Structure formats: C-alpha cells, structure tokens
Amino acid sequence: MRRLLPVVSSCLALLLPLTAAPASATPAPASHGPGTCAKGGTLFCEDFQSLPVGGAASLKWGVDTKHGTLMVERGARGQKMLHVHTEGNGRAFLKVDDFAPPGNGFYGRLRLRVKAFPTAPDWAHYTLVEATGAGPEIVRPLGGQYVPTLGEDLWGVGADGGPTGDWTNWRESAPSRPDVWQCVEWRMDPADNAISLWFDGVPKPDLSVSTRSHGGNDVDFVFPRFDTVKIGWQLYQPNPSPAAYDLWVDDIALSTQRVGCA
C-alpha cells in the first residue's frame with residue numbers, strides 16, 4: 001500500500017494490555033461484557049456463544065475469505081470467540097451485510113487479541129475493520145502499518161479507492177501491541193465524516209480523522225452510504241513476515257450509541 005504523510009489530526013488513547021496469552025491454550029478475554037447481545041438495543045451483535053465450535057457460520061452474517069479461515073473456538077475459561085487465521089497476504093472477515101445505520105452514523109465495539117503484527121515488508125499495511133457502501137471511499141476505522149523508520153507497527157485510521165487516495169493515518173502514540181486482549185471502540189460521525197477511537201475505554205484523539213483532517217489527498221473525505229461492515233484481518237503486501245496471522249475476536253457490537261467496554 002502507498003504511504004502518504006499523515007495529516008495532523010485530533011485524537012489520542014492508551015493501549016492497555018488486559019492479559020498475556022498463555023502459550024498452551026487460546027486465552028479468553030480478561031473482561032467479558034455483561035450480556036450485550038442478550039440485552040438488545042444494538043444494530044448488530046455477535047458474542048459467538050450460541051454458535052457451535054468449528055467452522056464459523058451464521059444466518060446473521062456472511063464470510064469473506066481468501067487464503068484464510070474463520071473458526072469458533074473456546075478460550076481457556078470456556079468463553080467462545082472467533083479465531084481468524086490468514087496465510088501470506090490473505091484475508092478472512094466476518095461480513096455484516098444489509099447494514100443500514102440511521103443517519104449513516106454508528107458506533108462499533110469489539111474485543112481482540114492479535115498474536116503478531118508484520119515486521120516485513122516495509123510499510124506492510126493491515127486492516128481489521130472495514131466499512132463500505134454507496135460511494136467510492138473504502139473506510140478503515142481500525143487498521144495499521146509497519147513503519148520501518150520507527151521499527152514498529154502503529155494503529156491508524158485509513159481509506160482507499162476514493163478521491164482521498166490510499167492512506168493510513170498512523171500515529172506514534174498508538175503502537176499495535178501483539179498478544180494482549182484489548183477492547184476497541186470506534187465512532188463513525190456523519191456530521192463531519194469523522195472517525196474517533198477508544199482503546200480499553202480511553203479515547204485516542206491522535207487517531208481521529210474528519211472531512212478536512214485526514215491522511216490523504218487534499219480533498220474532502222466523505223463517507224459512503226454505509227451498507228457493509230467487515231471485521232477480521234487483511235494484509236495487502238506479498239511475502240510478509242511472519243508468513244501467517246492469527247487473531248481472536250469477541251463481543252462485536254454495532255450500535256447507534258456507544259456500547260462501552262464494561
């Protein structure tokens with residue numbers, strides 16, 4: 001992916017590890033939401049508790065994979081979650097279709113643990129959440145990039161396919177830390193085509209983007225009319241290191257109000 005210099009924007013947050021992953025078993029999130037899906041009130045919700053262990057499938061959502069798989073697994077404490085696995089620059093996404101947020105704005109929440117982030121090639125770019133619809137911009141509220149000049153992976157909001165071009169607005173204040181559980185929230189605010197993020201309940205203002213403050217070409221960043229949200233993993237460059245990627249996702253919620261991490 002092409003790397004454009006990020007435009008200084010307004011957002012910052014802390015990445016606080018919840019727990020380290022045991023080497024011998026798939027861990028469970030250190031904190032599990034109090035029945036978000038059972039309580040209702042969301043536009044979409046999936047905690048995987050009603051699904052059988054094995055290949056992931058549901059009537060509520062679809063699957064988009066290439067050189068990747070989605071499996072429902074049990075964690076060390078019995079909690080079910082989604083295991084996303086890809087090889088090379090493959091992809092594996094849970095896909096929420098026919099999504100119609102009122103007023104084209106919504107909040108998202110998920111818990112995730114990424115075993116390892118790329119260390120090659122330079123500027124390797126990865127996406128974990130992607131939102132698309134009627135309009136040219138492919139919006140990526142959660143993704144990141146390996147920055148060789150700093151020798152680390154950094155979270156960043158991004159986009160592609162539209163007038164703003166191909167960009168990832170990474171920030172040194174937001175390292176992508178491997179092998180820890182985190183609760184990640186984001187907001188898509190159509191009032192100013194603004195994206196905001198929280199990690200473990202703490203806002204990350206440095207990562208925010210908006211109509212005129214983003215990481216792309218000097219034109220307005222404008223949301224499409226959202227109808228699809230994908231959650232999982234995609235790496236775009238061939239021959240990455242490591243050669244395969246694993247992450248675990250749980251407690252996915254899309255809502256008209258902030259869901260929170262409690």
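These numbers come from a predicted model, not from an experiment.
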Exercise. Is the closest side-chain donor-acceptor distance between Asn169 and His214 under 3.5 Å?
Worked result: no

Problem set entry | Residues which pass side chain to side chain contact (heavy atoms under 4.5 Å, CB included) with Cys45, listed by chain and number, not counting sequence neighbours | Thr36, Cys37, Thr42, Ala253

Seminar exercise, completed: Rounding to 0.5 Å, atoms CG (Asp97) and NZ (Lys95) come to a distance of 4.5 Å

Exercise. With no hydrogens and no angle check, is any side-chain donor or acceptor of Glu152 less than 3.5 Å from a backbone partner on Leu150?
Worked result: no

Problem set entry | Donor-acceptor contact present, side-chain Ser58 to main-chain Lys60, <3.5 Å | yes

Exercise. Val129, Val259: one ILVMFWY side-chain cluster at the under-4.5 Å cut-off?
Worked result: no

Problem set entry | Closest non-hydrogen atom pair, Lys115 against Trp248 | CB-CZ3, 4.1 Å

Exercise. Do Arg109 and Glu185 sit within salt-bridge range, that is, some charged N less than 4.0 Å from a carboxylate O?
Worked result: no

Problem set entry | Set of side chain to side chain contact (heavy atoms under 4.5 Å, CB included) partners for Asp189, sequence neighbours left out | Arg187, Ala191, Ala194

For this session: Apply the test side chain to side chain contact (heavy atoms under 4.5 Å, CB included) to residues Arg113 and Asp179: give CA-CA distance (whole Å), side-chain angles for both, the deciding distance (0.1 Å), then the verdict.
Result: CA-CA 6 Å; Arg113 168 185 165 248; Asp179 218 21; 2.5 Å; yes

Extract all donor-acceptor atom pairs below 3.5 Å that involve side chains of residues 221-234 and protein atoms in other chains or at least two apart in sequence.
{"from": "Lys230", "atom 1": "NZ", "to": "Asp64", "atom 2": "OD2", "distance (Å)": "2.8"}

For this session: Tell me, please, which residues at least two apart from Pro52 pass side chain to side chain contact (heavy atoms under 4.5 Å, CB included).
Result: none

Problem set entry | hydrophobic_cluster_shared for Leu247 and Leu94, side chain cutoff 4.5 Å | yes

For this session: Identify the two heavy atoms, one from Phe199 and one from Leu197, that lie closest to each other, and give their separation to 0.1 Å.
Result: CE1-CD2, 4.1 Å

Exercise. Stepwise, does the side chain to side chain contact (heavy atoms under 4.5 Å, CB included) test hold for Leu51 with Lys80?
Worked result: CA-CA 8 Å; Leu51 299 181; Lys80 290 181 184 177; 5.6 Å; no

For this session: Answer yes if Leu82 and Phe93 sit in the same cluster of Ile, Leu, Val, Met, Phe, Trp and Tyr residues linked by side chain heavy atoms under 4.5 Å apart, and no otherwise.
Result: no

Problem set entry | Pairwise side-chain contact, Cys261 with Trp198, heavy-atom cut-off 4.5 Å (strictly under) | no

For this session: Tell me, with the steps shown, if Arg177 and Asp153 meet salt bridge (Lys or Arg N to Asp or Glu O under 4.0 Å).
Result: CA-CA 8 Å; Arg177 300 181 63 183; Asp153 293 277; over 6 Å; no

Exercise. Heavy atoms, side chains only, cut-off 4.5 Å: are His85 and Asp246 in contact?
Worked result: yes

For this session: For the pair Asp218 and Arg212, evaluate side chain to side chain contact (heavy atoms under 4.5 Å, CB included) and give the outcome as yes or no after the intermediate values.
Result: CA-CA 8 Å; Asp218 188 19; Arg212 293 301 302 168; 2.6 Å; yes

Seminar exercise, completed: Those residues at least two apart in sequence (or on a different chain) that pass ring-ring contact (aromatic ring centres under 6.0 Å, His included) with Phe117 are Tyr126, Trp155

Problem set entry | Exercise: identify the closest heavy-atom pair between Asp220 and Thr164 | O-CG2, 3.6 Å

Problem set entry | Over 12 foreign heavy atoms within 6.0 Å of NZ, Lys66 | no

For this session: Using modelled atom types only, decide if a donor and an acceptor are shared between the side chain of Ser255 and the backbone of Tyr107 within a distance under 3.5 Å.
Result: no

For this session: Consider only side-chain heavy atoms of I, L, V, M, F, W and Y, link residues closer than 4.5 Å, and tell whether Tyr146 and Tyr236 are in one cluster.
Result: no

For this session: May I have the step-by-step check of side chain to side chain contact (heavy atoms under 4.5 Å, CB included) for Arg140 and His125, ending in yes or no?
Result: CA-CA 11 Å; Arg140 294 163 177 152; His125 175 218; 3.8 Å; yes

Exercise. Under 3.5 Å, side chain of Thr127 to main-chain N/O of Gly143, donor-acceptor pair present?
Worked result: no

Problem set entry | Linked, directly or transitively: Leu110 and Phe48 (ILVMFWY side chains, under 4.5 Å) | yes

Exercise. Between the main-chain N or O of Pro163 and the side-chain N or O of Asn217, is there a donor-acceptor pair closer than 3.5 Å?
Worked result: yes

Problem set entry | Separation between CG of Leu254 and CG of Leu43, rounded to the nearest 0.5 Å | 7.0 Å

For this session: List the atom of Pro242, the atom of Pro118, and the distance in Å for their closest heavy-atom pair.
Result: CD-CA, 4.1 Å

For this session: Using the test ring-ring contact (aromatic ring centres under 6.0 Å, His included), find all partners of Phe99 that sit at least two apart in sequence or belong to another chain.
Result: Phe106

